[in-house]
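The analysis underlying the following values was restricted to heavy atoms, covering all of them including side chains, and did not include hydrogens, waters or symmetry mates. As the structure is a prediction and not an experimental result, all values here were calculated from the model. Order of listing sets the numbers, starting from 1, for every ligand and every atom in it.
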Amino acid sequence: MAIGCEMADVNFNTQLCQMREFVNNTLQRILAGQAGIDEDLKEALKYTLEAPGKRVRSVLVLWCCELVSGEVNHNAEIAAAAIEMVHTYSLVHDDLPAIDDDDLRRGLPTCHKAFDEATAILAGDALLTLAFEILAKEIGEPTIAIRLIGELAEAAGPAGMIAGQMADLKAENRQATEELLAYIHTNKTAKLFRCAAAMGAICGRADKKQLKCLCEYGLKMGLSFQIADDILDVCGSSEQLGKTGGKDARAGKATYPAVLGMEKSKQLKKRLANEAAAVLEPFGLKADTLRKLAMALLQRTR
Ligand code: GRG
């Protein structure tokens, strides 16, 4: 599966596909190993987890671990699955009629359309809870497990993703300032990217300087990613995006193109990706895969 952009770097693309496959297999294995789940709920979980997401956050966990330790270890594999579950929960709930009310996600009917609203609410709840269960039970060392749980809870919680989502809803049909927009996008999206980088670094036993550097990379890349998302919502078709295009403007959302205009949004997206790549300087050439990821996401078409 391509990231949805033109990529001349065949090697990078192959590595990305391999990492995605790795994440997909882990998610399938974890879900298959869960006992005592209602069959209909399990079907909904399988449906949402197996839908073709780009797996950017989970691959980021794996590559950050590999960068600091030289390998992808078991803890990083579990952390990658956990963050993908939290991300997928957020999409399932975001698509609900009470939030963004969408019919299409990852090129498929949204969870509440494929099943029903109650099942989608419960599937989202189950994904969020299961993410923390696997971190608590499957990470070898308790000190690492606790740090990972803390990072993920903070990024996805009421002073992170939920804060961003709340501010996003409150900003609908209002004139947003650039400051408010940065707050929404940082909380709604960038903090989970920062968290992915932090989780990978923790699994790879990064020192304080390495952890700080990767967190900064994740935050900048996450903000660039959300600006790209805003831009794609204006420019992309639903077929290309795998989700309904043009929704932000119709819903009166506070987006970068709406506040800054298209050209300035594109410049900011690029500047943040370049800054993300630049903060990796202390890692030297070893960080080239992460630099390429920041650049590839700039050109993504879905
Ligand atoms: C608790 C009711 C309730 C709702 C929570 C937390 C939340 C709803 C929503 C999160 C906010 C959100 C959906 C932010 C958008 C972030 C974003 C750009 C999502 C798309 O990410 P991609 O492009 O998706 O990586 P794929 O499908 O590729 O995984």
Check: Lys243 N/O within less than 3.5 Å of ligand 1 N/O: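 By distance alone, the answer is no.
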Nearest to [atom], what protein heavy atom do you find, and at what distance?
atom	result
atom 18 (C) of ligand 1	Gln226 OE1, 3.2 Å
atom 16 (C) of ligand 1	Thr189 OG1, 3.4 Å
atom 4 (C) of ligand 1	His93 CB, 3.5 Å
atom 24 (O) of ligand 1	His87 NE2, 3.5 Å
atom 25 (O) of ligand 1	Arg57 NH1, 2.7 Å
atom 23 (O) of ligand 1	Lys54 NZ, 2.6 Å
atom 2 (C) of ligand 1	Ile99 CD1, 3.7 Å
atom 19 (C) of ligand 1	Leu91 CD2, 3.8 Å

Only heavy atoms of [X], strictly under 4.0 Å: list the atoms of ligand 1 that pass.
X	answer
Asp229	18 (C)
Met161	6 (C), 10 (C)
Arg106	26 (P), 27 (O), 29 (O)
Ser90	6 (C), 7 (C), 8 (C), 9 (C), 10 (C)

Checking Asp102 against Lys243 for the salt bridge (Lys or Arg N to Asp or Glu O under 4.0 Å) test, could you report, in this order, the C-alpha distance in whole Å, the side-chain angles of both residues, the deciding distance, and whether it holds? CA-CA 8 Å; Asp102 219 321; Lys243 59 184 181 180; over 6 Å; no
Taking Lys253 as the fixed residue, which of Asn173, Asp248, Asp100 is the one that meets the side-chain hydrogen bond (donor to acceptor under 3.5 Å, both in side chains) rule?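 It is Asp100; the other options fail the test.
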Side chains of Leu293 and Phe12: does their closest heavy-atom pair fall under 4.5 Å?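 Result yes, sub-4.5 Å side-chain heavy-atom pair found.
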State, yes or no, whether a side-chain contact exists between Asp9 and Met295 at a heavy-atom distance under 4.5 Å.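 The answer is no, as the side chains (C-beta and beyond) never meet within the 4.5 Å cut-off.
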Side chain, backbone, both or neither: which part of Tyr89 has a heavy atom under 4.0 Å from ligand 1?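 Within the 4.0 Å criterion, Tyr89 contacts ligand 1 through side-chain atoms alone.
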Within the side chain of Arg20, is there an N or O that forms a donor-acceptor pair under 3.5 Å with the backbone of Lys54?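 Here the side-chain-to-backbone pair exists.
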Any donor-acceptor pair under 3.5 Å linking the side chain of Gln34 with the backbone of Ile30?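 Answer holds: yes.
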Quick one: does NZ or CZ of Arg57 land under 6.0 Å from the six-membered ring centre of Phe225, within 45 degrees of the ring axis?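 Yes - Arg57 lies over the ring of Phe225, closer than 6.0 Å to its centre and within 45° of its axis.
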Decide whether the shortest distance between a heavy atom of Arg55 and an atom of ligand 1 is less than 4.0 Å.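 No, that is not the case, since the closest heavy atom of the residue is not under 4.0 Å from the ligand.
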Give a yes-or-no answer on whether the side chains of Asn24 and Gln28 include a donor-acceptor pair shorter than 3.5 Å.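 Judged by distance alone, the side chains do not pair up.
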Please report whether the ring centroid of Phe22 lies less than 6.0 Å from that of Trp63.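 No; Phe22 has its ring centre 6.0 Å or more from that of Trp63.
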Atom CD in Gln267, atom OH in Tyr256: separation rounded to 0.5 Å?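 It comes to 14.0 Å.
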